[in-house]
K.L.:
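Got a structure here, written out as structure tokens. Questions coming.
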2 protein chains.
Amino acid sequence: MTTKIIVDTQAATKTAPTRRGRGRPQSFDRAQALCAAMRLFWDRGYDGTSFDDLTAAMGISASSFYNAFGSKEALYQETIDAYVKRAGAWFTTILQEPTDTRSTFAHLLTTAATEFTRDDLPTGCMIAAAATQCAPTQARLRDLLATQRTQSETALVTRLQQGIQAGDLPPDTDIKALAAFYSALLRGMAVQARDGIPRERLHEIARIAMQAWPTPP
Amino acid sequence: MTTKIIVDTQAATKTAPTRRGRGRPQSFDRAQALCAAMRLFWDRGYDGTSFDDLTAAMGISASSFYNAFGSKEALYQETIDAYVKRAGAWFTTILQEPTDTRSTFAHLLTTAATEFTRDDLPTGCMIAAAATQCAPTQARLRDLLATQRTQSETALVTRLQQGIQAGDLPPDTDIKALAAFYSALLRGMAVQARDGIPRERLHEIARIAMQAWPTPP
DNA sequence: TTATTTTTGTAGTCATCGCTCCATAAATCC
DNA sequence: GGATTTATGGAGCGATGACTACAAAAATAA
């Protein structure tokens, strides 16, 4: 029932097989720096995280920063990717579990309740409510995040479609609407988490939300 | 069933009875300027709205700005107040309607679906997901918004409590959890709205959410 | 009319923002 | 060893952020 989440830096490092080549070697662990940046962006958002905040947390200088990551915006995109692949991996993992559709969604919500209130990571979700209000100059960023949100909702649609094929759900179920409902709920839970709601309350929300699960006719 | 929302500037002006006194008179309509600022903050958030954006939209100079509103942060607080009292008034209005509790909540959700997708105002809610990720220097702002969110959830709790007293709800209903559920959903719907979800889809979400309403034993 | 009060317009100020330049350091290739 | 390549440290840059100083303008009070 529990899902093992790996956010540790060491584990991340293994995926970066220490490139050997000419030139002076990097004096810092790129994956570790990326992880530090992700936590900062997650906690404070894009605008709320200054360049100096980043270099300080990553333990590198401005030149190393630009040499390794290109720009603040490029780094942000990388941290979003890292979040999806690592800290937020529970989402896709659970959707691939070989249980029935209702159990899968119940598991998704209870895991969200737990993940959104971990004490070793920022609360809530890095993407759920990010950049919904931003300057027109940040349109690319807003679109990037909106796209991520759309993709996660699409993943719910896909899983519900499989549920219909498996006979878990009535064939006439409005799966787009049902996906939108659980999607909205998860985003709201993320906001609640950032406001400091207790984990147990989030679990109660999850329990109530499963009451809305469609009943066979 | 429909709720009349007044956001028009003219209507707002009537509450400011044109102070007469010594000194040069203000050359602009304060309520109108406040309304323009509210729309800007609502659409772009606090950080995403620059001082120049504000003065341009309000049609006033920097000195007039500070003379009339004190600071950017003070203006933001005023716009939040204006939002709660005017553009977001449907929320408290509906909670005071003399219908049964279930109908009240159903009305709340369908109205949210409609209000979050008006074409004469920014989409979504000004407060629902604002400043959940921000710099530590903006702690006051974040707390201000978190407080507003807490208050709206408390209003739901109060209404549910009345429902128990009226016999609309089973006495053992976990009203705090139920309020948290609908609160989370509304916030998620606001995020969806900002991502451009169609109004009809929001109405479907509202319909599904009412399936979670507690059933008498 | 003159004094007083308040608002306005213009031209700044100062801090911070993300970012860049360039000389130097540390590795590999020949 | 010398050439080449890549990364680092440190200084600083232009743009923008919110905000302010100050004199002139426009009203009322005496």
Side-chain angles (χ1 to χ4, degrees), chain A residues 16-34 36-37 40-41 44-79 131 133-141 144, chain B residues 16-34 36-37 40-41 44-79 131 133-141 144:
Chain A
T18 317
R19 177 200 56 78
R20 305 297 303 172
R22 303 215 320 181
R24 179 172 174 173
Q26 262 183 349
S27 65
F28 64 96
D29 183 332
R30 195 181 190 282
Q32 185 171 349
L34 185 65
L40 221 48
F41 279 135
R44 307 181 181 183
Y46 184 79
D47 279 338
T49 308
S50 76
F51 186 80
D52 287 352
D53 290 338
L54 287 168
T55 52
M58 299 163 88
I60 63 177
S61 69
S63 10
S64 297
F65 180 96
Y66 282 97
N67 183 59
F69 299 103
S71 70
K72 185 188 173 187
E73 187 176 337
L75 171 64
Y76 187 72
Q77 289 192 227
E78 268 200 69
T79 62
Q133 293 166 316
C134 66
T137 56
Q138 316 243 41
R140 291 179 50 186
L141 219 66
L144 168 75
Chain B
T18 315
R19 176 199 57 77
R20 307 296 303 170
R22 305 225 308 190
R24 180 171 174 174
Q26 261 182 349
S27 64
F28 64 95
D29 183 332
R30 196 184 189 280
Q32 186 172 348
L34 185 65
L40 221 48
F41 279 135
R44 307 181 180 183
Y46 184 80
D47 279 338
T49 308
S50 75
F51 185 80
D52 287 350
D53 291 338
L54 287 168
T55 53
M58 299 164 87
I60 61 177
S61 69
S63 19
S64 296
F65 180 95
Y66 282 99
N67 183 59
F69 299 103
S71 70
K72 186 187 172 187
E73 186 176 338
L75 171 64
Y76 187 72
Q77 289 191 226
E78 267 200 70
T79 62
Q133 293 166 316
C134 66
T137 55
Q138 316 243 38
R140 291 178 49 185
L141 219 66
L144 168 76

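Sequence lines set the chain letters: A, B, ... in the order given, protein chains first and strands last, and positions in each chain run from 1.
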K.L.:
Tell me whether the side-chain N/O atoms of B/Ser61 come closer than 4.0 Å to OP1 or OP2 in C/dG9.
P.N.:
yes

K.L.:
Would you indicate whether the side-chain heavy atoms of B/Asp29 and B/Leu34 approach each other to under 4.5 Å?
P.N.:
no

K.L.:
Mind calculating the distance between CD (A/Gln26) and P (C/dA27) to the nearest angstrom?
P.N.:
13 Å

K.L.:
Between P on D/dG17 and CZ on B/Arg44, what's the gap in Å once rounded to a whole number?
P.N.:
11 Å

K.L.:
The criterion is ring-ring contact (aromatic ring centres under 6.0 Å, His included); which residues satisfy it with B/Phe28, sequence neighbours excluded?
P.N.:
none

K.L.:
Could you pull out the closest heavy-atom pair between B/Gly48 and A/Ala135, with the gap in Å?
P.N.:
O-CB, 3.3 Å

K.L.:
Would you say A/Ser64 reaches D/dT8's phosphate, i.e. side-chain N/O to OP1/OP2 under 4.0 Å?
P.N.:
yes

K.L.:
For the pair made of CZ in A/Phe65 and P in C/dC19, what is the distance, rounded to whole Å?
P.N.:
7 Å

K.L.:
Shortest non-hydrogen contact from B/Ala57 to B/Ala36?
P.N.:
O-CB, 3.7 Å

K.L.:
Once you round it to whole Å, what is the distance between P of D/dG17 and CG of A/Asp47?
P.N.:
11 Å

K.L.:
Would you call B/Arg30 and B/Phe69 a side-chain contact if the rule is heavy atoms closer than 4.5 Å?
P.N.:
yes

K.L.:
Mind calculating the distance between CZ (A/Phe69) and C1' (C/dT20) to the nearest angstrom?
P.N.:
18 Å

K.L.:
Can you pull out every salt bridge (Lys or Arg N to Asp or Glu O under 4.0 Å) where at least one residue sits in residues 45-68 of chain B? Sequence neighbours excluded, please.
P.N.:
B/Arg44-B/Asp53

K.L.:
Report the distance from atom CD of B/Glu73 to atom P of D/dG17, rounded to the nearest whole Å.
P.N.:
18 Å

K.L.:
Would you list the pairs meeting salt bridge (Lys or Arg N to Asp or Glu O under 4.0 Å) in which at least one residue belongs to residues 62-74 of chain A, sequence neighbours left out?
P.N.:
A/Glu73-A/Arg140

K.L.:
I need the minimum non-hydrogen distance between B/Ala68 and B/Gln26, along with the two atoms involved.
P.N.:
CB-NE2, 3.5 Å

K.L.:
Using the test side-chain contact (heavy atoms from CB on, under 4.5 Å), find all partners of B/Ser63 that sit at least two apart in sequence or belong to another chain.
P.N.:
B/Ser61

K.L.:
Could you tell me how far apart B/Arg30 (CZ) and C/dT8 (C1') are, to the nearest whole angstrom?
P.N.:
16 Å

K.L.:
Tell me the interatomic distance from B/Gln138, atom CD, to D/dA18, atom C1', rounded to whole angstroms.
P.N.:
12 Å

K.L.:
Polar pairs (N or O, both sides) under 3.5 Å between protein and nucleotides 22-25 of chain D?
P.N.:
from   : atom 1 : to      : atom 2 : distance (Å)
D/dA25 : N3     : B/Arg24 : NH1    : 3.4

K.L.:
Where do N or O atoms of nucleotides 11-17 of chain C meet protein N or O atoms at under 3.5 Å, pair by pair?
P.N.:
none

